[in-house]
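Right, one structure below, let's go through it.
First listed ligand is number 1; within each ligand, the first listed atom is number 1.
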Amino acid sequence: MKEKQIVRKISVCLLVVGLGLAISSHAGRRPPYQTVHDMDRSLLPPVITPADEPAKPPSDAIILFAGKDTSQWESDKGGRMKWKVENGYMEVNKTGGIHTTKSFGNCQLHIEWASPSPPKGKSQGRGNSGVFFMGRYELQILDSYTANNYDDNRTYADGLAASLYGQYTPIVNACRKPGEWQTYDISFLTPKFDKDGKVIRRARITVLHNGIVVHNNVEMWGSSGHKVKNPRYRPHGKLPLSLQDHGDPIKYRNIWIRELPEQ
Ligand code: MG
């Protein structure tokens, strides 16, 4: 009798421990349906056609770039940014990434970009740049106009334009043709950390690509990176916004940001 009770107690304990492990191991993992950088064609989102007309800045926006003045930016290598500035846009020119002189937390960002025309390169070498929130969380820029024509320009779904690089594929492919101006409108909520540096809220992001929702309030799993299977957070406060120099001449214009409060 006594033995049976002991066995029962041990079974209950094992069940509780097992459940706890299952819950805790699930908490920090990506969804099981997607591995990092999977070339599977079936993972590519459907193509849709966006409407015209990009957004103008509202009265409370901080203008980060309006066509000429680059004083809101500096080079990741230190000092003044050295990207080409002409005809109302700035262009990546292999002088390194750039970041804002000011740090930001929760924000709304509007940014316009155009990939080279005629297109050059393939896959991740075709018009690659990126918008890095807090210098860590990348909203990818890429020429993905023909990404669903698998033979012409094959790349992985979680590295397409408007992907949250390596973590989330956009809901649809709303890419315009190479050379045409495209918009991103983003609402970004910073991650939060406790006093020991533990994540108590992951970063959250909503993205509209050419006016179309492609991410609806998703949680980032940690900092972005190439082939990072288990993204991690490193505690931080407000940080600058960065634009990537991936070696391709991406153009940028009409960049404005609004700081958002905690709600
Ligand atoms: Mg990139």
Legend entry - Metal-centred angle, the Mg ion (ligand 1) as apex - OE1 of Q244, OE1 of Q140, 10° resolution: 160°
Inset, instruction - Would you mind checking if E91 and R253 are paired as a salt bridge, meaning a charged N to carboxylate O distance below 4.0 Å? - result: no
Legend entry - K238 charged N/C atom sitting above F104 aromatic ring, 6.0 Å / 45°: no
Inset, instruction - Provide the closest heavy-atom pair for S115 versus P178 in the form atom of the first, atom of the second, distance. - result: OG-CA, 3.5 Å
Inset, instruction - Please confirm if an N, O or S atom belonging to S129, backbone or side chain, lies less than 2.8 Å from the Mg ion (ligand 1). - result: yes
Legend entry - Any side-chain heavy-atom pair of I141 and V131 under 4.5 Å: yes
Inset, instruction - Measuring from the Mg ion (ligand 1), name the closest N, O or S atom belonging to E138. - result: OE2
